[in-house]
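What follows is one structure encoded as structure tokens, with my remarks underneath.
Numbering of residues begins at 1 and proceeds along the displayed sequence.
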Amino acid sequence: MRVVNKSDAPALTRNDGLVSHILHSQHEVSETELTITWVDVEPGACQVTHEHDPEQVYVILSGTGIMTVGDEERPVTAGDLVHIPANTEHGLENTGDRTLEYVSAATPAFPAAEVDEFYEQ
């Protein structure tokens, strides 16, 4: 069994108001088909719209925001799950006055080389 606490996970702090904590990836478990990330989004911060091969879900843990997936925009709040199909543009804006937190699960896992770059930053 592997147990990881957010406070012990490697974190990447960008200058965009987002902090990403890699909880589970091929970096630690080479045979996994999942990448799990806990992300903190500061009030007013916005995740850059992006797309990638892995299918993904976001589970909103706290806060409020606007999620964009493809051409759709919807408000999100704690308890919501957002499905993001593979190769679909998506992004998230924190519209609240406190940190928005979400956990992302992606499959297949992001390639180990991409995760290794994350660890090098």
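Note that CD1 of Ile22 and CH2 of Trp38 are 14.0 Å apart. Values are rounded to the nearest 0.5 Å. Separating the OG1 atom in Thr37 from the NZ atom in Lys6 is a distance of 12.5 Å, to the nearest 0.5 Å. In this structure, Ile84 CD1 and Tyr58 OH are separated by 4.5 Å, a value rounded to the nearest 0.5 Å. Distance check, rounded to the nearest 0.5 Å: CD of Glu89 to NE2 of His52 gives 11.0 Å. For the atom pair CG of Leu100 and CG of Leu18, the computed distance is 9.0 Å after rounding to the nearest 0.5 Å. In this structure, the separation between CE on Met67 and OG1 on Thr95 is 13.0 Å, given to the nearest 0.5 Å.
The shortest distance between side-chain heavy atoms of Tyr102 and Val59 does not fall below 4.5 Å. Contact of the Asp16 side chain with the Gln47 side chain is not registered, since no non-hydrogen atoms from C-beta on lie closer than 4.5 Å. Side chains of Phe110 and Ser25 form no contact here, defined as non-hydrogen atoms less than 4.5 Å apart. The shortest side-chain heavy-atom distance between Asp80 and Arg74 does not fall under the 4.5 Å cut-off.
A distance-only check finds a donor-acceptor pair linking the side chain of Thr88 to the backbone of Pro85 [under 3.5 Å]. No donor-acceptor distance shorter than 3.5 angstrom exists from the side chain of Ser20 to the backbone of Val39, with no hydrogens or angles considered. In this structure a side-chain-to-backbone donor-acceptor pair under 3.5 Å is missing from Glu72 to Val69. A donor-acceptor pair under 3.5 Å links the side-chain atoms of Asn94 to the main chain of Val41, judged by distance alone. With hydrogens and angles disregarded, no donor-acceptor distance shorter than 3.5 Å links the side chain of Thr107 to the backbone of Ala109. A donor-acceptor pair under 3.5 Å is formed between the side chain of His50 and the backbone N or O of Val48.
Under 3.5 Å, the side chains of His83 and Gln56 contain no donor-acceptor pair of N or O atoms. At a cut-off of 3.5 Å, with distance as the only test, no side-chain donor of His90 or Thr68 sits close to an acceptor on the other residue.
Other residues, nucleotides and ligands contribute over 12 non-hydrogen atoms within 6.0 Å of the CG atom of Asn87. In the displayed structure, Asp71 atom CG is contacted under 6.0 Å by at most 12 heavy atoms of other residues, nucleotides or ligands.
Closest approach of Ala105 to Ile36, counting heavy atoms only: CB-CD1, 3.5 Å. Nearest heavy-atom pair, Ser62 versus Thr99, reported as atom, atom and distance to 0.1 Å: OG-O, 3.7 Å.
A salt bridge does not link Glu42 to Arg98: none of the charged nitrogens lies less than 4.0 Å from a carboxylate oxygen.
In the hydrophobic clustering, Ile66 connects to no other residue, as no ILVMFWY side-chain heavy atoms lie under 4.5 Å from its own. By the 4.5 Å side-chain criterion applied to Ile, Leu, Val, Met, Phe, Trp and Tyr, Val19 is assigned to no cluster and stands alone.
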Val57 and Val82: CA distance, side-chain angles, deciding distance, side chain to side chain contact (heavy atoms under 4.5 Å, CB included) verdict:
CA-CA 5 Å; Val57 294; Val82 180; over 6 Å; no
